[in-house]
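Positions are given from 1, in the same order as the sequence printed here. Predicted model only: the values in this text are computed from it and were never measured.
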Amino acid sequence: MVEISDQELAQAKKRWGHERAERPVPNAIRFDAPSERVIVDFTNGASFMFPARAVEGLELATTAQLAEVELLGETGLHWESLDVDYTVTGLMSGIFGSKTFMEAQSRGGKSRSPAKAAASRANGAKGGRPKKTARP
């Protein structure tokens with residue numbers, strides 16, 4: 001194990017304090033019910049918000065459950081009754097859930113259900129989508 005002197009530890013803590021002072025740090029969190037968005041406020045006055053129901057684990061939550069959001073230290077968000085945790089950095093990077101969840105969200109209207117595939121084939125057999133015509 002590496003030995004660290006008290007002086008080295010004090011210097012490291014001082015460096016960390018300087019680095020921390022130079023970057024925005026989350027200092028408040030709230031759920032805005034009318035917009036259904038979670039808002040993270042930072043020490044520099046900036047804010048980051050995201051749609052709560054777009055996050056895996058929150059999509060079926062009640063408004064009261066969404067309002068229970070807590071700031072964990074300087075890096076995390078936590079919903080106790082839902083047992084859901086996310087990092088602020090991850091959410092700011094657009095990571096709103098697992099890979100499977102994110103892929104399902106990105107598909108949107110690209111469903112590949114048998115019914116949609118059959119409808120697409122039937123439409124194609126009729127010549128496809130009609131061309132747009134100019135209006136007089």
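- Contact record, Val38 with Ala52: CG2-CB, 3.9 Å, taken as the closest heavy-atom pair.
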### Task
Could you walk me through whether Asn27 and Thr43 pass side chain to side chain donor-acceptor pair (under 3.5 Å), step by step?
CA-CA 6 Å; Asn27 65 347; Thr43 54; 5.8 Å; no

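- Cluster membership for Val55 and Ile39, using ILVMFWY side-chain heavy atoms within less than 4.5 angstrom, is not shared.
- Here the straight-line distance linking atom CZ of Phe50 with atom CZ of Arg37 works out to 10.5 Å at 0.5 Å rounding.
- Side-chain contact check for Gln65 versus Leu82: some heavy-atom pair is nearer than 4.5 Å.
- Asp85 is not listed as a side-chain neighbour of Leu77, based on a closest heavy-atom distance of 4.5 Å or more.
- In this structure, CD1 on Ile95 lies 7.0 Å from OG1 on Thr87, to the nearest 0.5 angstrom.
- Side-chain contact between Tyr86 and Thr75: absent, with no pair of heavy atoms (C-beta onward) separated by less than 4.5 Å.
- For Pro24 against Asn44, the heavy-atom pair with the smallest separation is CB-ND2, 3.4 Å.
- When atom types are taken as modelled, the side chain of Arg30 and the backbone of Val69 share no donor-acceptor pair closer than 3.5 angstrom.
- Formation of a donor-acceptor pair under 3.5 Å by the Glu103 side chain with backbone atoms of Thr100 is not found in this model.
- At least one side-chain heavy atom of Phe101 sits less than 4.5 Å from a side-chain heavy atom of Glu59.
- Proximity of Phe31 to Glu68: side-chain heavy atoms (C-beta onward) are nowhere separated by under 4.5 Å.
- Phe96 and Met49 fall into different hydrophobic clusters, where Ile, Leu, Val, Met, Phe, Trp and Tyr are joined by side-chain heavy atoms under 4.5 Å apart, directly or via other members.
- Closest non-hydrogen pair, Ser47 versus Asp41, comes out as OG-OD1, 2.5 Å.
- Here the CD atom belonging to Gln11 is positioned 7.0 Å from the OG atom belonging to Ser5, to the nearest 0.5 angstrom.
- The nearest pair of heavy atoms linking Thr63 to Ala33 is CG2-CB, 4.0 Å.
- When side chains are defined from C-beta on, Val84 does not count as touching Glu56, because their heavy atoms never get closer than 4.5 Å.
- Here the straight-line distance linking atom CD of Glu74 with atom CZ of Arg23 works out to 6.0 Å at 0.5 Å rounding.
- Phe42 places none of its side-chain heavy atoms less than 4.5 Å from the side chain of Val25.
- Of all non-hydrogen atoms in Pro26 and Val40, the two that sit nearest each other are CB-CG1, 3.9 Å.
- The hydrophobic cluster containing Ile29 also contains Val88, counting ILVMFWY residues as joined when their side-chain heavy atoms lie under 4.5 angstrom apart, directly or transitively.
- His78 is listed as a side-chain neighbour of Glu80, based on a closest heavy-atom distance under 4.5 Å.
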